[in-house]
Number of protein chains: 2
Amino acid sequence: MATKLTEIARQAGVSVSVVSRVLNGDPTVRAREETRQRVLQVAKDLNYTANYAGRALRLARSNALALITPNVSSPLFADLLAGATEAAEAANYTVLIGLADTIAAGSDTLRRLVGEGRVDGFVLQRHDDLSDQALESLVANDARVVLVTSRTPGRRGSVILDDVAGAKLATQHLISLGHKRIALIGGVPHSDIARRREHGYALALHEAGLRRRESLVCRLGYTPEAAESAVEILYAGTPRPTGVVVANVNGAIGALTALRRLGVDVPSEISVVAYHDEWVAEHTWPALTTVKMPYYEVGAQAVRSLIDQLSGKPAQDIVVREPPPQLVLRSSTAPPKEP
Amino acid sequence: MATKLTEIARQAGVSVSVVSRVLNGDPTVRAREETRQRVLQVAKDLNYTANYAGRALRLARSNALALITPNVSSPLFADLLAGATEAAEAANYTVLIGLADTIAAGSDTLRRLVGEGRVDGFVLQRHDDLSDQALESLVANDARVVLVTSRTPGRRGSVILDDVAGAKLATQHLISLGHKRIALIGGVPHSDIARRREHGYALALHEAGLRRRESLVCRLGYTPEAAESAVEILYAGTPRPTGVVVANVNGAIGALTALRRLGVDVPSEISVVAYHDEWVAEHTWPALTTVKMPYYEVGAQAVRSLIDQLSGKPAQDIVVREPPPQLVLRSSTAPPKEP
DNA sequence: CTGAAAGCGCTTACAG
DNA sequence: CTGAAAGCGCTTACAG
């Protein structure tokens, strides 16, 4: 545990330089194989792990990065985190989690974290409400950031889902069941994520030769409550939809609640398909048909991309297309009664 | 950002010793007020933050701690994390998150984290399946651990919920509605958490003069699937329950699914109350009556307790009783049809 | 009241 | 092939 390099050196009968070089696999070390083995053995016997602070101080690098998110409490985020953690581990990095609500816009928490050398960079998932401007004020002109899920004009360094393909797939599913009046319960208007999903929805309608009606599109956001309101608005207007694409699974759960309250049966009177799959989708009533997106890969890619950036490579804007969006059929979708 | 102590010293025209002492509020510093102010001003102007590695190396302390959990993807955990984060921040600590599944039993990940000085200690939430033995193998005889939610004989240092009171409250709610045949869908038998909750259930029955029937108690665990099985078993036997306490909200969601499949109406034919409140409980059908437990406080207490322990105070075993368990009435409970 | 200096554990250019 | 030494940025006992 608390073994030090000098202790290994002493027991192996060599200098600390050699120990350090052998342990780090320094290619310039041309120690005799015998010496090398002895050092390795002693280190193993003593259960040596390099002191983190010593190394960080010397290297001016923490080998840690922070994942900042507005919402840890989602299975979606858990996937992202798992991907990020594994990619980080593979590169010998540690992941630190920051809650975005602790980080008020305009605060310097992020700058401090890297300023004091706690982390080398960030993977940042912004809140839907965080404007491009507020985002910039947080990260300033700092290049040590990779945006995740969302991107913003004028800043390179992002890893996002293929939202167009995902939303298109969801919409096409309803189309293939025979639906013609398909509503969209989408995100807030200024969100780039929401815009991409709406684009996928529009694309599917267009390719099927279906008319896109503005009255069938609601842009109130991804919370259950927002989706409840959206359903009420949709049902107050005419023509009513026979199917609805909800651009987020949480919203879909709210939509089911609202439909139940209105006495509308799913799926016989209206079909509901949600963007994103998570375990509760199996346990709603009826169980939700969803489109599953590769969150794990987004997390992993983001970390890899950040580490590349830290090592000086130019920032990339990546769309994760593998594995592709996948339709998970459950019980909330069916052909329309009167097509 | 990358300002150093020497730079401040230079600009303020004093030695680094003075700067360090002033900035750390060292009481032995008897610098002139004027000097003190000048130093503070320069530090502020330069936006100084102490280099983390330098300090950690010198102090042999990372001021970081790890929160290890089997499951980040739960609003429950989010509360715990929020509590832990705020308490940590107040004490100038950083919280690092570890996923327990990355940490195989018998692995030395934990020991390495403290071995290399990345963190000073742990808050550890064990998985239900992790035996006392496996737990010990992970943390060894390390005192820098506070167990959270669960405890284990022979190890001090834990912060748990008042499971007895919580489960008792849930059971009493059904009793007060007039139920007499009340089932328990509990955790796995070897879990201390499960035992406490079962105790609370038994206590409520006992105090109400109701008979406790072994055939009405299932101990399959907290997953939705386990609870589905439990419902099937309960409905295969006689007498059937008119009410059921599910010792975890995820289980309750599974129970609702199983009851729906069996064609049993909730709450007219059976009442369901869940231990733990979270947002989906509002959106199930019917909406779940739950008992809300103080998770935030558990997280905060655990961190405070760990920091105390690190500073040499004896390890404590704490039960969080404030705020007390709280019944959240929704639509899944009602008086029995035939009492 | 303030400063010079040692040392935390590491890596790496340099010397031999 | 291997070692002595400097230095990363900090804190703190010690000296004056």
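Residue numbering restarts at 1 for every chain, and letters A, B, ... go by the order of the sequence lines.
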Expressed in angstrom and rounded to an integer, what is the separation of I8(B) atom CD1 from dT2(C) atom C1'?
-> 17 Å

Over how many whole Å does the gap from E7(A) atom CD to dC8(C) atom C1' extend?
-> 16 Å

Which residue, V19(B), V22(B), V42(B), forms the side-chain contact (heavy atoms from CB on, under 4.5 Å) with V14(B)?
-> V19(B)

E7(B) and Q11(B): side chain donor to acceptor below 3.5 Å = yes

Apply side-chain contact (heavy atoms from CB on, under 4.5 Å) to T94(B) and list each qualifying residue two or more places apart in sequence or on a separate chain.
-> L96(A), R118(A), A64(B)

Are N24(B) and dT11(D) close enough that a side-chain N or O sits under 4.0 Å from OP1 or OP2?
-> yes

DNA chain D in dot-bracket, Watson-Crick or G-U pairs under 3.5 Å, [ ] crossing, | other strand?
-> |||.||||||||.|||

Can you tell me if the side-chain N/O atoms of S17(A) get under 4.0 Å from OP1 or OP2 in dT12(C)?
-> no

Donor-acceptor pairs under 3.5 angstrom involving side-chain atoms of residues 297-315 of chain A: please list them, not counting sequence neighbours.
from: Q309(A); atom 1: NE2; to: A143(A); atom 2: O; distance (Å): 2.6
from: Q309(A); atom 1: NE2; to: V145(A); atom 2: O; distance (Å): 3.4
from: S311(A); atom 1: OG; to: D308(A); atom 2: O; distance (Å): 2.8

Side chain of A50(B) (C-beta onward), nearest among dC10(D), dC10(C), dA5(C) | dC10(D)

Check the distance between dG9(C)'s P and Y52(A)'s OH and give it to me in whole angstrom.
-> 17 Å

Distance test, side-chain N/O of Y48(A) to OP1/OP2 of dC10(C), below 4.0 Å = yes

For A53(A) and for S15(B), locate the closest nucleotide of DNA chain C by heavy-atom distance; then report the residue assigned to the nucleotide nearer the 5' terminus.
-> S15(B)

Whole-Å distance separating the CG atom of L5(B) from the P atom of dT12(D) | 12 Å

Between Y296(A) and E86(A), a side-chain donor and acceptor under 3.5 Å | yes

Have a look at F122(A) and tell me which of L65(A), L67(A), L113(A) forms a side-chain contact (heavy atoms from CB on, under 4.5 Å) with it.
-> L113(A)

Enumerate the residues from residues 57-65 of chain A whose closest heavy atom to DNA chain D is under 4.0 Å, giving them by residue number; use none for an empty result.
-> L57(A), R58(A)

How is T6(B) classified with respect to the nucleic acid when contacts are heavy atoms under 4.0 Å: base, sugar-phosphate, or nothing?
-> nothing

Taking side chain to side chain donor-acceptor pair (under 3.5 Å) as the test, write out the residues that go with R61(B), two or more places apart.
-> N63(B)

Map V14(B) and G54(B) onto DNA chain C by nearest heavy atom, then report which one ends up closer to the 5' terminus.
-> V14(B)

Hey, what do you get for CD1 (I8(A)) to CG (L46(A)), rounding to the nearest 0.5 Å?
-> 5.0 Å

Over how many whole Å does the gap from R10(A) atom CZ to dG3(D) atom P extend?
-> 15 Å

To the nearest angstrom, how far is K4(B) atom NZ from dG7(D) atom P?
-> 11 Å

Please report, rounded to the nearest Å, how far the P atom of dC10(D) is from the CZ atom of R55(A).
-> 21 Å

Between R21(B) (CZ) and dT2(C) (C1'), how many Å, whole number?
-> 7 Å

Assess the side chains of E116(B) and T49(A): does a donor N or O sit below 3.5 Å from an acceptor N or O?
-> no

Residue pairs involving residues 39-60 of chain A (criterion salt bridge (Lys or Arg N to Asp or Glu O under 4.0 Å); sequence neighbours excluded) = none

